[in-house]
Structures are given as C-alpha cells and as structure tokens.
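Excluded from the calculations below are hydrogen atoms, water molecules and symmetry mates; all remaining heavy atoms, backbone and side chain alike, are included.
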Amino acid sequence: LAGIMAAKRTADIIPLCHTLALSYCDVALTPKRGGYQIEARVRTDAKTGAEMEALHAVAVAALTVYDMVKAADKAMTIGEIRLVRKSGGRGGTYRAR
C-alpha cells in the first residue's frame, strides 16, 4: 500500500518530476533467501515515462518494511534499487542487462 501511495505522490517529493495520472500501479514483495525482492509496475497514458514513479514506489515500500521490522533486526539493509524495464516516453524502450 505504501508503495502505491508513493507512486501516486512522486511529483510531490521529487523536484521537477511531472505530475502523472497512473492508469496502473502494482507493488509486489517476493520472499527471497535472506530478504525480499520488491518490484513495482506502473503505467500511464502520458507522453512521458513513469520510471520515477516505479522507483519511488520500490524505495518507499522498502523503507516501510524496514520500519515495520526494525525492532527485530536493526542491521537489515536496503539493497540495490534499479530500473529493470521501461517502454514508451521520449527515451523509448530500455531493458537492464
């Protein structure tokens, strides 16, 4: 829930980000050995990309998990946050290697 809320409020937090109407937003937490993988998927009909909304959603979701379990493990870390795939917008399609 926190990740979806963050995606919708990205322009309020990140300077110079355009306000976007998102047509779709989903944030998934997948258990992995030693932690979780968080993935956000967003869509918009706007002529710009929505990668900042997805990255913001992942960051806030990770911080929310940290806040919820910090009493049990203060040594936990938040790892790599990166763009995996993007299509549309001026930059076209991008896939991480």
Side-chain angles (χ1 to χ4, degrees):
L1 183 59
I4 292 170
M5 292 171 65
K8 292 181 174 193
R9 303 288 305 269
T10 300
D12 294 339
I13 306 300
I14 309 286
L16 304 179
C17 270
H18 295 92
T19 302
L20 296 180
L22 298 178
S23 57
Y24 176 83
C25 183
D26 182 57
V27 179
L29 261 65
T30 306
K32 297 290 181 182
R33 187 170 174 235
Y36 291 88
Q37 176 179 315
I38 303 172
E39 182 177 320
R41 294 173 183 245
V42 298
R43 289 190 197 109
T44 183
D45 293 325
K47 292 184 178 186
T48 186
E51 64 270 25
M52 292 306 298
E53 285 71 12
L55 292 166
H56 190 222
V58 168
V60 170
L63 289 168
T64 301
V65 170
Y66 183 94
D67 186 48
M68 293 170 69
V69 298
K70 66 186 175 201
D73 183 8
K74 288 187 179 16
M76 74 183 128
T77 61
I78 296 171
E80 181 178 311
I81 297 174
R82 67 187 184 113
L83 183 64
V84 175
R85 182 177 176 275
K86 174 200 171 299
S87 63
R90 186 177 293 172
T93 300
Y94 168 81
R95 285 185 193 271
R97 294 179 188 216

Apply side chain to side chain contact (heavy atoms under 4.5 Å, CB included) to [X] and list each qualifying residue two or more places apart in sequence or on a separate chain.
| X | value |
| --- | --- |
| Ala54 | Ala40, Val42 |
| Arg9 | Asp12 |
| Leu55 | Met52, Ile81 |

In terms of hydrophobic clusters joined by side-chain contacts under 4.5 Å, are [X] and [Y] together?
| X | Y | answer |
| --- | --- | --- |
| Ile78 | Ile14 | yes |
| Leu83 | Leu20 | no |
| Leu29 | Val69 | yes |
| Met76 | Leu63 | yes |
| Leu22 | Val58 | no |

Nearest 0.5 Å, what's the [atom1]-[atom2] distance between [X] and [Y]?
| X | Y | atom1 | atom2 | result |
| --- | --- | --- | --- | --- |
| Thr44 | His18 | OG1 | NE2 | 11.5 Å |
| Glu80 | Gln37 | CD | CD | 10.5 Å |
| Asp26 | Ile4 | CG | CD1 | 6.0 Å |
| Tyr24 | Asp45 | OH | CG | 14.5 Å |

Which heavy atom in [X] sits nearest to a heavy atom in [Y], and how many Å separate them?
| X | Y | result |
| --- | --- | --- |
| Val60 | Ala2 | CG1-O, 3.7 Å |
| Arg82 | Arg97 | NH1-O, 4.3 Å |
| Ala57 | Ala7 | CB-CB, 4.0 Å |

Those residues that, when tested against [X], pass side chain to side chain donor-acceptor pair (under 3.5 Å) (two or more places apart):
| X | value |
| --- | --- |
| Asp67 | Lys70 |
| Glu39 | Arg41 |
| Arg95 | none |

(message) Looking at Ser87, is its backbone amide N or carbonyl O close enough to the side chain of Thr93 to form a donor-acceptor pair, meaning the two atoms are under 3.5 Å apart?
(response) no
(request) Measure from the side-chain N and O atoms of Lys8 to the backbone N and O of Thr10, and report whether any donor-acceptor pair falls under 3.5 Å. (result) no
(message) Please determine whether the number of non-hydrogen atoms from other residues, nucleotides or ligands lying under 6.0 Å from atom OH of Tyr36 exceeds 12.
(response) no
